[in-house]
Amino acid sequence: MIDFSAELNGSQMSAVVSPPERPALVLAGAGSGKTRTLTYRVAWLLSECAISPSEILLLTFTNKAAVEMLDRVYSLTECEPRRFWGGTFHSIGNRFLRIEGRSIGISSDFTIMDSEDSVSALKNAAEKACPKFFSNKENPRPALLMDIISYARNTCLSIPRAMAERFSWIETPAERIADIAQAYTLAKRNGNLCDFDDLLELWLSLLESNPDILEKYRERFANVLVDEYQDTNALQCRILDLLAGGGHITAVGDDAQCIYSWRGARLDNILRFRERYPAAYIYKIEQNYRSTAQILAFANCILDSMPVDEAYKKTLLPARSGEALPMVLRALDSSSQGRMVASMILEIIDAGRYAAGDIAVLYRSHFQSMDLQLCLQEKHIDYVITSGVKFFEQSHIKDVIAQLRWVANPSDFVSFWRFVKFLPKIGEKTALKIYSAAREISEKTGESLPSVLCQSKIHSKVPQAAREIFADMASSLAEIEKMLLCEKLQNSKELEAGDAWAESAPSQADFFDRFADNSSALSESAEHSCFDNALERAHTPADIVRYACSGWYVNAMKTMYEDWNDRVDDFDALVEYAAKYANFWDFLSNVSLEMSESEGSKNPGLSGERRSDRVRLMTVHQAKGLEFPVVFVIGAAEGLFPTQRSIDEGDVEEERRLFYVAATRARDHLIITYPRAGMVNGVFEERVQSRFLESVPRQLYSISF
């Protein structure tokens, strides 16, 4: 027998014993024991309501979550996991289609394609339906094309509406993409294939078009339980509403942690639960077992100004005490922020109370971690990145560096091939043909290779579909070459002028190094003066990198990546990194060393090695569901967190929820930092602290400058 009242607190108990015939929405705050509540709910249905395991459908967002819950149920009730229908939406959809798919023309032996195979199949379908589609540089590349179609399917929107809502920069007519989507669907059906979205879309079609089958499973699954309900999209919500039949559903989630709208999650699914289920009970679980009282007081204030129905308002209540207030630290720029955080981490580890694996550094966007990565390497602090690859390993960073490397050394065909391959109809053989022709002209005339690329003799060897973008690329490379030549000349003049010149016009690197250790000694007027002097210099490494990060390559990125805007933000970080160098060649050499060191080191987050002795670096999105004794949140400035894009669009509420998620990952210590200045659209600007910090009373955190 399970003593539910002894193992659950009052609010958990109320949710667990909710009448099974009534719909229930459990609003579980961060760290409140959501998984425990859902697990005991299943155990209570089995042991106290005499419900069979075969009558329970448990839907989660990860197989790991489903396995953990059902294993815990087994330890409580000795009911074997295999007796349940439990798993992710996609795995359960697969199971439905294997059993009932023939009713909508789906054979039970269909093959599920992985993401790579799906993109390849879409590319083939597009080329058959519209042979010249990918020859047009304005059209999205296959991976982005898949993102557009997938977003439309998961949000139950037409492709025109989905494009207007999320892909407004794409100029391709929506009708053409819709035709390609239809051709892709036909190719899958002819090949007895399904992609991941089919597992949901066809499952919904199966239920909607077969009333008898729908009724059969409604009767079978007397209890539908769903985890992380706030993350459901329109497609998943429709499936749940059909299966629940207006009644037998227990949904567990937290509207304050809805942070995935960019991939289709719909906040209204949880906010309008009662509209779809008028008889629903709503339970709040607010007792937090993770964080100290001081951290929770800070976190609660973040949400105070969030517009929300009174029935959904929650206040996290502490179950444990603490001593330390959250800290807010202001740094001069991202570089000094990285040095400060790395030094604090080293001090924490050396003190012996916490291991490196107890520490996490969270950030809104991956590019914000670049300076910190470099500082951690300098201090020999092991770290693992779970939010992606290291900064200099990212493909778009490598692409820009390849352009700079090639202009600096036109004999480097490997770098040339790295970026020219993005042009339509140019493979390695064609690239080599163009390169060889340019080199032959260069050797005859003495002209540089970048300038030769601009000549009509070379353009005639470029495939017709690529000529326009090739001309843009060649012009950009030639301009970079001019800037490099000017930079060489400028450096030689500086050497002749000596120290007197250096004192009269400090570089950005000089400025930041000089005041990094005592930023409070600088008045606002003095800061502006130094910024202005720094920016008056032409053809610095930062200028050159800034130019290379614009133009043709950014336009090409828009057709390759859904997150092209975020990748452009990475370029600001690269320009800021370049601003530390007075000499372009020093910059390029150090970037090459950083790349070599980065690629030569193992990432334990990817290799599966033990990670307990490494500091964790991750985006806040990646940190959701995790907790750490010590949490740093870096980049808490306007334009960074919240992002400038959310500010410009007048929609920062999801950013607020994301900041709340970041704060509630901390168990013992929460340290928030922000830079007072940084690169914005390639220009150094001042920054102010995040509006989310402004919403927290000053007495709830300590502050340092």
Side-chain angles (χ1 to χ4, degrees), residues 23-30 32 34 38 59-62 89 150-157 161-162 164-167 200 204 224-241 244 249-278 280-286 299-300 302-316 364 562 619-625 641-643 645-664 691-692 695:
L25 175 62
V26 182
L27 298 171
S32 64
K34 169 183 65 67
L38 195 55
L59 289 157
T60 64
F61 277 85
T62 67
F89 279 88
S150 179
Y151 183 81
R153 297 170 73 187
N154 280 280
T155 54
C156 298
L157 297 174
R161 282 193 61 191
E165 181 178 291
R166 181 154 181 81
F167 303 91
L200 300 184
L204 176 61
V224 177
L225 295 91
V226 57
D227 191 19
E228 304 286 9
Y229 187 72
Q230 78 281 350
D231 292 337
T232 55
N233 59 37
L235 190 52
Q236 292 161 333
C237 190
R238 285 191 186 183
I239 291 169
L240 288 169
D241 288 347
I249 184 172
T250 300
V252 181
D254 183 6
D255 56 297
Q257 297 188 72
C258 182
I259 59 174
Y260 294 114
S261 66
W262 50 275
R263 68 183 188 195
R266 194 167 65 174
L267 182 61
D268 276 356
N269 290 351
I270 192 168
L271 294 182
R272 295 185 177 178
F273 188 84
R274 250 188 179 160
E275 292 180 18
R276 302 195 316 280
Y277 300 96
Y281 291 118
I282 294 183
Y283 302 94
K284 296 181 185 179
I285 305 177
E286 299 170 295
N300 284 327
I302 295 170
L303 297 183
D304 276 351
S305 58
M306 184 176 73
V308 66
D309 187 287
E310 191 64 33
Y312 285 76
K313 282 190 176 293
K314 296 180 295 299
T315 300
L316 296 179
R364 174 60 181 86
E562 178 185 1
T619 64
V620 183
H621 283 101
Q622 290 284 333
K624 185 174 177 289
F641 203 167
T643 64
R645 194 153 46 253
S646 68
I647 295 171
D648 293 342
E649 294 172 358
D651 183 15
V652 299
E653 290 310 311
E654 183 158 336
E655 295 286 301
R656 185 186 306 280
R657 297 192 295 271
L658 193 62
F659 197 77
Y660 168 81
V661 168
T664 53
R691 65 188 66 193
F692 307 138
S695 68

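Values below: every heavy atom of this structure, side chains too, minus hydrogens, waters and symmetry copies.
Looking at Asn154, its side chain never comes within 3.5 Å of a backbone N or O of Gly264 through a donor-acceptor pair. The backbone N or O of Ile270 sits less than 3.5 Å from a side-chain atom of Tyr312, completing a donor-acceptor pair. Looking at Asn300, its side chain never comes within 3.5 Å of a backbone N or O of Thr315 through a donor-acceptor pair.
The two residues Ala256 and Val661 make their nearest non-hydrogen contact at O-CG2, 4.5 Å. Closest approach of Leu316 and Tyr660 over heavy atoms only: CD1-OH, 3.2 Å. Contact between Asp304 and Lys313 at its shortest, heavy atoms only, is O-NZ, 4.4 Å. Minimum interatomic distance between Phe273 and Ala24 (heavy atoms only, all atoms of both residues): CZ-O, 3.9 Å. Of all heavy-atom pairs between Thr155 and Ala234, the closest is O-CB, 3.5 Å. In terms of heavy-atom proximity, Arg657 sits nearest to Leu267 at NH1-CD2, 3.7 Å.
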Before giving the answer on side-chain contact (heavy atoms from CB on, under 4.5 Å), spell out for Leu27 and Leu25 the whole-Å C-alpha distance, their side-chain angles and the decisive distance to 0.1 Å.
CA-CA 6 Å; Leu27 298 171; Leu25 175 62; 4.0 Å; yes
Determine, stepwise, if the pair Glu228 / Lys624 fulfils side-chain contact (heavy atoms from CB on, under 4.5 Å).
CA-CA 11 Å; Glu228 304 286 9; Lys624 185 174 177 289; 3.2 Å; yes
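For the atom pair OG1 (Thr232) and CG (Leu240), the distance works out to 6.5 Å, reported to the nearest 0.5 Å. In this structure, Ile259 CD1 and His621 NE2 are separated by 4.5 Å, a value rounded to the nearest 0.5 Å. Taking CG from Leu235 and CZ from Arg153, the interatomic distance works out to 8.5 Å, rounded to the nearest 0.5 Å. The CG atom of Asp648 sits 9.0 Å away from atom CZ of Arg645, with the distance rounded to the nearest 0.5 Å. In this structure, CG in Asn269 is found 5.5 Å from CZ in Arg276, a value given to the nearest 0.5 Å. A distance of 6.0 Å separates CD of Glu654 from SG of Cys258, quoted to the nearest 0.5 Å.
Each of Arg272, Lys314, Lys284, Arg266 was checked for a salt bridge (Lys or Arg N to Asp or Glu O under 4.0 Å) with Asp255, and the lone residue meeting it is Lys314.
Salt-bridge annotation for Lys34 and Asp254: absent, with no side-chain N of the basic residue lying under 4.0 Å from a carboxylate O of the acidic one.
You'll find the side chain of Arg691 reaches within 4.5 Å of the side chain of Ile647, heavy atoms only. Side-chain contact between Arg166 and Leu157 is absent, with no heavy atoms from C-beta onward closer than 4.5 Å. Within the 4.5 Å cutoff, the side chain of Asp241 has heavy atoms near those of the Tyr277 side chain. Taking the side chain as every heavy atom from C-beta outward, Ser646 and Asp651 never approach each other to under 4.5 Å.
Taking the ring pair (Phe, Tyr, Trp, His ring centres under 6.0 Å) definition, one finds that Phe692 meets it with Phe659, sequence neighbours left out. In this structure Phe61 satisfies the ring pair (Phe, Tyr, Trp, His ring centres under 6.0 Å) test together with Phe89, sequence neighbours excluded.
Other residues, nucleotides and ligands contribute at most 12 non-hydrogen atoms within 6.0 Å of the CZ atom of Arg161.
Between the side chains of Asn233 and Tyr260, no donor-acceptor pair is found at a separation under 3.5 Å.
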